[in-house]
Amino acid sequence: MVRRTGLLRHAALCAAAVLLSGGPAAAAAAKSAPPGPDPVAARLDAYWTPARMAAALPAGPVKGAGAGATASPSVDGPRPGEYIPPSRSFTGIPQAGTFFWTDAQGTGRTCSGSVVRSPGRDLVLSAGHCLKGYSGTAPRRRLAFVPQYHDGLKPFGIFPVVTNGVYVPQQYYDLGEHAGAGYDFAFAVTGPNEDGTALQDAVGGVRLLTGTGYLHAPVRMIGYPAGAAEPLECWSWTTAWVSDDPADPGTFPRIACDAFVGGTSGGPMLVPWFDGWAVVGVIGGYHTGGNTSQISYSAYFGTATRALYRAAVAGAPPAGPTPTEPRAKDQG
């Protein structure tokens, strides 16, 4: 009888719990309830007005600004007589967009990126030279991603980059943007938008391909020129470029496309895939993407890219600049 009484008491408690929760239907509804608004995204949405987004400047070295200190026409730019496929402005695709942030002086900055598929449904791919200042414990300074930004609009809202959510290879920090050009890629982990929706749930994502070689055709390259109302797209193909600039050693995917200037860094090089699009490179690498607006480059996507992706997915501590030892005071 004691055992039966205990069972009856347990059943009564379970029934009361179901009634208090509104029953099985209410419990299921609570589980599938839409996410609530995100205050961080709401603050960033208010800050990044159309005027501020339009005024944002390119991050880091300005692509297409002409030959740099270590470059010469023999190691960058189009070959004599080379056909340069044209680019065109368009309203973009949901899986590509642009980052916005403010630098240490409060100036707005921008760089391109693309949403890659991940278990957390929250990952953006870009160039290492775009995001290297925001790894580790560096302040975010209003760093956020706007997918399919165009004409001052945020069609899917704005997605904050989470604290310690920027992943750049340690080799890129240690070697620098020239000697480390082969590691010029980065991932950023985002939080939900103003409505509480995860990035990949809002816009989908492209597949990350690694170890697929240098030759790809056709390639659809997308980038966001700083200050432009709309992004650019260009259809072309990639080939292997063996560097003849000792400052930027390595072999890099190379692509000819016209008018890809500052702000387009980090933009994806996409190939058609059986389930949508796949990304095989981002504007960066050799000469941080190229010293002319007609030729762009990417770091090769291989084992280092895949390892960085896995670190970002796992939430591992991000890399950062190696701390320098303070100089000893003079003895006197």
Side-chain angles (χ1 to χ4, degrees), residues 63-64 76-78 82-90 92-99 111-117 123-131 147-148 181-188 204-225 231-241 243 250-302 304-306 308-309:
K63 175 176 165 53
D76 202 346
E82 180 178 6
Y83 172 69
I84 308 298
S87 61
R88 73 176 187 96
S89 298
F90 75 130
I93 64 173
Q95 298 83 19
T98 186
F99 287 97
C111 232
S112 302
S114 56
V115 183
V116 292
R117 299 175 191 171
L123 211 56
V124 185
L125 169 67
S126 188
H129 72 267
C130 288
L131 300 178
Q148 204 177 353
Y183 299 95
D184 191 4
F185 42 80
F187 294 98
V206 301
R207 184 178 296 273
L208 175 67
L209 295 186
T210 58
T212 57
Y214 297 88
L215 306 179
H216 296 281
V219 175
R220 184 188 191 188
M221 189 162 71
I222 298 174
Y224 279 78
L232 295 176
E233 72 168 350
C234 170
W235 288 86
S236 187
W237 58 93
T238 59
T239 57
W241 172 257
S243 170
T251 303
F252 303 87
R254 177 188 187 272
I255 184 170
C257 271
D258 195 27
F260 277 74
V261 295
T264 60
S265 286
M269 300 175 187
L270 303 172
V271 295
W273 205 245
F274 69 92
D275 56 355
W277 294 100
V279 59
V280 295
V282 296
I283 299 174
Y286 184 69
H287 293 166
T288 58
N291 287 318
T292 73
S293 61
Q294 293 83 30
I295 303 296
S296 298
Y297 304 88
S298 171
Y300 179 70
F301 282 9
T305 315
R306 181 60 61 179
L308 190 68
Y309 170 85

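- Between F260 and L232, the closest side-chain pair of non-hydrogen atoms falls below 4.5 Å.
- Considering all non-hydrogen atoms of both residues, D258 and Q294 come closest at OD1-CG, 3.6 Å.
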Practice item. Take R117 and D275 through the test side chain to side chain contact (heavy atoms under 4.5 Å, CB included) and record every step on the way to the result. Key: CA-CA 12 Å; R117 299 175 191 171; D275 56 355; 2.6 Å; yes

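- Between S243 and F252 the shortest side-chain heavy-atom distance falls below 4.5 Å.
- C130 has its side chain out of reach of F99: every pair of non-hydrogen atoms, C-beta onward, lies at least 4.5 Å apart.
- Across all their heavy atoms, P225 and V261 have their closest contact at CB-CG2, 3.9 Å.
- Note that OG1 of T305 is 11.0 Å distant from CG of L209, once rounded to the nearest 0.5 Å.
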Review point. Do V282 and F301 pass the side chain to side chain contact (heavy atoms under 4.5 Å, CB included) test, and can you show the C-alpha distance, the side-chain angles, and the key distance before you say yes or no?
Key: CA-CA 9 Å; V282 296; F301 282 9; 4.1 Å; yes

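- Contact detail for I295 and P78: the closest heavy-atom pair is CG1-N, 3.4 Å.
- Classified by interplanar angle (parallel below 30°, tilted 30° to 60°, perpendicular above 60°), the ring pair W241/Y297 is tilted.
- Summarising the geometry of R306 relative to L208, their closest heavy-atom pair is NH2-O, 3.1 Å, with the distance given to 0.1 Å.
- Inspection of the Y286 and D76 side chains reveals no N or O donor paired with an N or O acceptor under 3.5 Å.
- What you find for G182 and A299 is that their closest heavy atoms are O-CB, 3.4 Å.
- Proximity of a side-chain donor or acceptor of S236 to a complementary backbone N or O of A256 within less than 3.5 Å is detected.
- Among all heavy-atom pairs drawn from R220 and W277, the shortest one is NH1-CZ2, 3.2 Å.
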